[in-house]
Visitor: 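Pasting a structure here, questions to come.
Naming: A, B, ... by sequence-line order, numbering from 1 per chain. Because only heavy atoms are used, hydrogens play no part in the values below, and waters and symmetry mates are left out as well, while side chains stay in. Just so it is clear, the model here is predicted, and its values are computed rather than measured.
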Amino acid sequence: MKEFKVLMVDDEEDFVRTLDERIQMRNLDTSVALSGEEAMKKLEEDPPDVLLVDLKMPGMDGMEVLRRAREAYPGVQVVMLTGHGSEADEVEARRLGVFEYLRKPVALDQLMRTLKAAYKKKIEETMVAASFAEEGDFDSAREIMKRGDKNK
Amino acid sequence: MKDTLFIGKITAAMTHEMKNVLAIIRESAGLAEDLLAMSDESAFPYKDKFLKIMGKIENQVIRGSEIMAQLNEFSHIPEVERQSEDLNLVLNQVIFLSKKLSRLNAVDFFVEQTDTPITLNSNPLTTRMLIYRTLEFLAPVIDKGSEIRLKALGHTMGDDGFSVTIIAPVSNSFLLEKILAGPEWNALENEFRNNGASIGSSAGKNSLIVHFPQ
């Protein structure tokens with residue numbers, strides 16, 4: 001039984017396929033998209049727990065994928081992994097609700113820790129949101145799923 | 001578009017590409033290690049040697065990533081005409097980018113950090129170029145195996161500019177005097193003057209003072 005689902009989005013095919021293989025060996029259920037557009041299709045078909053996305057890609061870039069994913073699938077945590085990012089990009093990604101912003105090349109141990117922490121956050125948010133929903137406070141439940149913290 | 005801006009833009013793009021190359025090398029080496037870890041111990045008699053090679057690849061990827069990060073930062077410098085920045089950080093960056101110069105001449109460069117930041121408002125590219133040119137001038141003529149020490153100074157010239165003292169250990173002061181009388185030194189002085197800065201030797205003739213007007 002795999003621990004949780006990760007969708008990896010990167011136009012560098014050699015990189016993302018190799019990383020996919022390594023993460024699968026570590027008992028996560030992974031899939032790959034080679035563009036932002038393909039990622040949005042896969043999100044619609046089968047939303048993952050965590051989305052690992054590159055920033056600069058032809059067509060829809062990682063920032064747009066992050067923005068759309070946080071809007072339409074607030075339960076999915078997004079980790080950005082980029083070789084192109086500036087500080088301004090990191091600020092913008094954090095404003096849009098990225099869970100973590102990592103720079104390539106990253107050590108696999110660090111990446112695994114980040115993915116697991118992102119999944120843990122997803123579970124915690126889901127549980128808190130569920131407790132609000134049980135009490136009939138659906139607005140708060142929705143807000144938590146969208147923003148991750150009712151007080152934000 | 002200015003030449004320097006164009007070079008910076010292309011360099012920045014290429015450093016990004018190189019980060020992807022390094023990431024692919026790292027993951028491919030990692031995958032090879034993963035596969036070896038899963039295989040039968042006796043099936044591959046060179047396991048230790050293999051892991052040692054993988055370790056070297058990993059270390060070089062880290063080294064390459066650091067170089068690319070610094071080069072990327074440097075490539076954006078021509079984008080601004082003037083900026084305020086801590087002179088300590090400027091010196092550290094120049095030293096990092098001068099590693100090849102250091103190795104070629106068998107000398108070390110070292111920055112003596114000041115306790116508080118010394119903020120210089122200048123053209124960042126010119127500042128770096130002049131410090132690098134000074135190191136390039138000194139490195140071949142000082143004693144092999146010695147260390148050139150750089151330290152940012154506050155106001156030293158009676159105006160609101162800032163200076164850098166560059167201590168160059170030369171085994172005898174006559175040598176430095178001779179160096180300072182040569183045509184290369186005159187060319188360096190002119191280069192500083194043409195960029196609105198100045199360079200001179202200290203009273204004891206054991207260091208150079210580089211001055212940038214504010």
Visitor: Quick check on B:Lys144: does its NZ atom have over 12 non-hydrogen neighbours (other residues, nucleotides or ligands) under 6.0 Å away?
Guide: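 It does: B:Lys144 NZ has more than 12 such atoms within range.
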Visitor: How about CZ on B:Phe6, more than 12 heavy atoms from neighbouring residues, nucleotides or ligands closer than 6.0 Å, or not?
Guide: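 Open: at most 12 neighbouring heavy atoms sit under 6.0 Å from CZ of B:Phe6.
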Visitor: Is there side-chain contact between B:Asp34 and A:Arg26, with at least one heavy-atom pair below 4.5 Å?
Guide: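 Heavy-atom side-chain distance check passes, below 4.5 Å.
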Visitor: More than 12 heavy atoms of other residues, nucleotides or ligands under 6.0 Å from CZ of A:Arg94: is that the case?
Guide: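 Correct, the count exceeds 12.
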Visitor: When rounded to the nearest 0.5 angstrom, what distance separates OG1 in A:Thr82 from CG in B:Asn20?
Guide: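 Rounded to the nearest 0.5 Å, the OG1-CG separation comes to 8.0 Å.
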Visitor: Just wondering, more than 12 heavy atoms not from B:Lys47 lying within 6.0 Å of its NZ?
Guide: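 Yes, the 6.0 Å shell around NZ holds more than 12 heavy atoms from other groups.
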Visitor: Of all of B:His76, B:Met18, B:Met68, B:His16, which one pairs up most often with chain A through heavy atoms under 4.5 Å apart?
Guide: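 Of the options given, most contacts go to B:His16.
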Visitor: Does anything in residues 32-81 of chain A pair up under ring-ring contact (aromatic ring centres under 6.0 Å, His included), and if so which pairs, sequence neighbours excluded?
Guide: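 Output for this query is empty, none listed.
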Visitor: In terms of heavy-atom pairs under 4.5 Å, which option from B:Glu17, B:Glu58, B:Met38, B:Lys19 contacts chain A the most?
Guide: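 Looking at each of B:Glu17, B:Glu58, B:Met38, B:Lys19 in turn, B:Lys19 comes out on top.
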Visitor: Take atom NZ of B:Lys9 as the centre, draw a 6.0 Å sphere, and report whether it contains more than 12 heavy atoms from other residues, nucleotides or ligands.
Guide: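 Not buried by this count: 12 neighbours or fewer within 6.0 Å.
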Visitor: Using a cut-off of 6.0 Å, state whether more than 12 heavy atoms not belonging to B:Asp3 lie near its atom CG.
Guide: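 For B:Asp3, atom CG is not crowded (no more than 12 foreign heavy atoms under 6.0 Å).
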Visitor: To the nearest 0.5 Å, what is the distance between CD (A:Glu12) and CD1 (B:Ile24)?
Guide: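 It is 4.5 Å, given to the nearest 0.5 Å.
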Visitor: Side chain, backbone, both or neither: which part of A:Arg103 has an atom under 4.5 Å from a heavy atom of chain B?
Guide: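 It is neither, since no heavy atom gets under 4.5 Å.
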Visitor: Do you know the tightest heavy-atom contact between B:Ala23 and A:Pro105?
Guide: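 Shortest heavy-atom separation between B:Ala23 and A:Pro105 comes out as CA-CB, 3.6 Å.
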Visitor: Taking the side chain as every heavy atom from C-beta outward, state whether B:Glu27 and A:Leu108 have any atom pair closer than 4.5 Å.
Guide: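 Touching, per the 4.5 Å side-chain cut-off.
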Visitor: Say you draw a straight line from CD of A:Glu21 to OG of B:Ser28; how long is it, rounded to the nearest 0.5 Å?
Guide: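 Going from the CD atom of A:Glu21 to the OG atom of B:Ser28 covers 9.5 Å.
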Visitor: Using heavy-atom distances under 4.5 Å, tell me whether A:Val106 contacts chain B through its side chain, its backbone, both, or neither.
Guide: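 Just the backbone, heavy atoms under 4.5 Å.
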